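Worksheet for the structure shown next.
Computed over heavy atoms, backbone and side chain alike; hydrogens, waters and symmetry mates excluded. Predicted model only: the values in this text are computed from it and were never measured.
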Amino acid sequence: MELEFWSGAKDLPVWGFLIRAFIVYLYIFIVIKVLGQRSIGTINPLDFLFGIIIGDVIGNPLSSGDIPLAGPLAAATLITILHLGLSYIALKTPRFRRIIEDEPLILIKNGQILKKQLRRTKLTVESLLMDLRLRGTSDLNQIDYAVLESNGQISVIRKSNEDMVTPRNSNLPPQPPKGYPSVLILDGKVVHKNLEKVGTLSWLKEKIAELGFKEIDEIFLLTIDEGGQFYYSKM
């Protein structure tokens, strides 16, 4: 007697779908064990694409009873073998690893935002600031390096205590809370909506002159926090 849950049937009974679900779950469990354990934060784009393809291939027999189960499982096995082979070659061959895995990209270097790198990664300043806030680093003056890793996350290297002037190491009085920074200049242009909350255009020109700039278009990014502290990055 032909096994309907394996070969498929137009009117596959419920028990057939249940058996298929058990087989697929067991298959995925084995694949995960074979490929090795990885945390969600370390998944690279190739792993993400592999997961989507596998889910699509073996997911069809779970929704359509007339599709045989053998074909999707065989295709998924081949894809798994290819992915495992690529991962092994990348592990053993650094040159090949650069092809299938993106190299980390420096977005902030020595406290300065690299405009060309932002354009290369199609990352806006707003998205960069949001990611930095999610890392608990809203004060750009504390950042030495920010790197876009191969898994798409941004890692932050803070300035050392010797490089940062703080009330504790300089005998200065305690500073007011820094709060949420506002962008005053972005890509050489004034953000008037934010400027109206803290000062006037003439006030802004005075401040950038104190920072050593003659014109607004010399500045790529200028922010001010609620404590009145500025951060700037040159064009």
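Rounded to the nearest 0.5 angstrom, Y25 OH and I30 CD1 are separated by 11.5 Å. Note that CZ of F50 and CG of L84 are 8.5 Å apart. Values are rounded to the nearest 0.5 Å. Taken to the nearest 0.5 Å, the CG atom of L107 stands 9.0 Å off from the CD1 atom of I113. Note: I79 CD1 to I53 CD1 = 5.5 Å, rounded to the nearest 0.5 Å. Of the inter-residue distances, the one linking Q142 atom CD with L132 atom CG reads 11.5 Å to the nearest 0.5 angstrom. Summarising the geometry, atom CD1 belonging to I81 is positioned 12.0 Å from atom CG belonging to L86; distances are rounded to the nearest 0.5 Å.
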TODO: Show your working on side chain to side chain contact (heavy atoms under 4.5 Å, CB included) between D66 and L12 and close with a plain yes or no.
DONE: CA-CA 7 Å; D66 56 340; L12 186 67; over 6 Å; no

Open item on the list: Before you tell me yes or no, could you show the steps for L186 and L221 under side chain to side chain contact (heavy atoms under 4.5 Å, CB included), namely the whole-Å CA-CA distance, both residues' side-chain angles and the distance that decides it to 0.1 Å?
Closed with: CA-CA 5 Å; L186 178 60; L221 177 67; 4.1 Å; yes

Task: Residue pair F230, I224: steps toward the side chain to side chain contact (heavy atoms under 4.5 Å, CB included) verdict - done: CA-CA 5 Å; F230 288 95; I224 183 174; 3.7 Å; yes

TODO: Go through the steps for L118 and T124 under the test side chain to side chain contact (heavy atoms under 4.5 Å, CB included), then give the verdict.
DONE: CA-CA 7 Å; L118 289 184; T124 64; over 6 Å; no

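Residues Y231 and D225 are not in side-chain contact: their nearest non-hydrogen atoms beyond the backbone lie 4.5 Å or more apart. At least one side-chain heavy atom of L201 sits less than 4.5 Å from a side-chain heavy atom of K205. R158 is not listed as a side-chain neighbour of I143, based on a closest heavy-atom distance of 4.5 Å or more. Contact check for Y145 versus I106: side-chain heavy atoms found under the 4.5 Å cut-off.
Among all heavy-atom pairs drawn from E149 and S155, the shortest one is OE2-OG, 2.5 Å. For the residue pair V147 and P104, the shortest heavy atom distance occurs at CG1-CB, 3.6 Å. The shortest heavy-atom contact between A75 and V57 is CB-CG1, 4.1 Å. Residue P61 comes nearest to I58 through the heavy atom pair CD-O, 3.4 Å, listed as atom of the first residue, atom of the second, then distance.
Checked against the 6.0 Å centroid criterion, the rings of Y232 and F213 qualify as a close aromatic pair.
For the side chain to side chain contact (heavy atoms under 4.5 Å, CB included) with V190, the qualifying choice from L184, L204, V183, I219 is L204, the only one to do so.
In this structure a side-chain-to-backbone donor-acceptor pair under 3.5 Å is missing from Q153 to L148.
Atom NZ of K115 has more than 12 heavy atoms from other residues, nucleotides or ligands within 6.0 Å. Other residues, nucleotides and ligands place no more than 12 heavy atoms under 6.0 Å from the CZ atom of R120.
T77 and Y27 share a side-chain donor-acceptor pair at under 3.5 Å.
Taking the charged nitrogens against the carboxylate oxygens, K189 and D217 have no contact shorter than 4.0 Å, which rules out a salt bridge.
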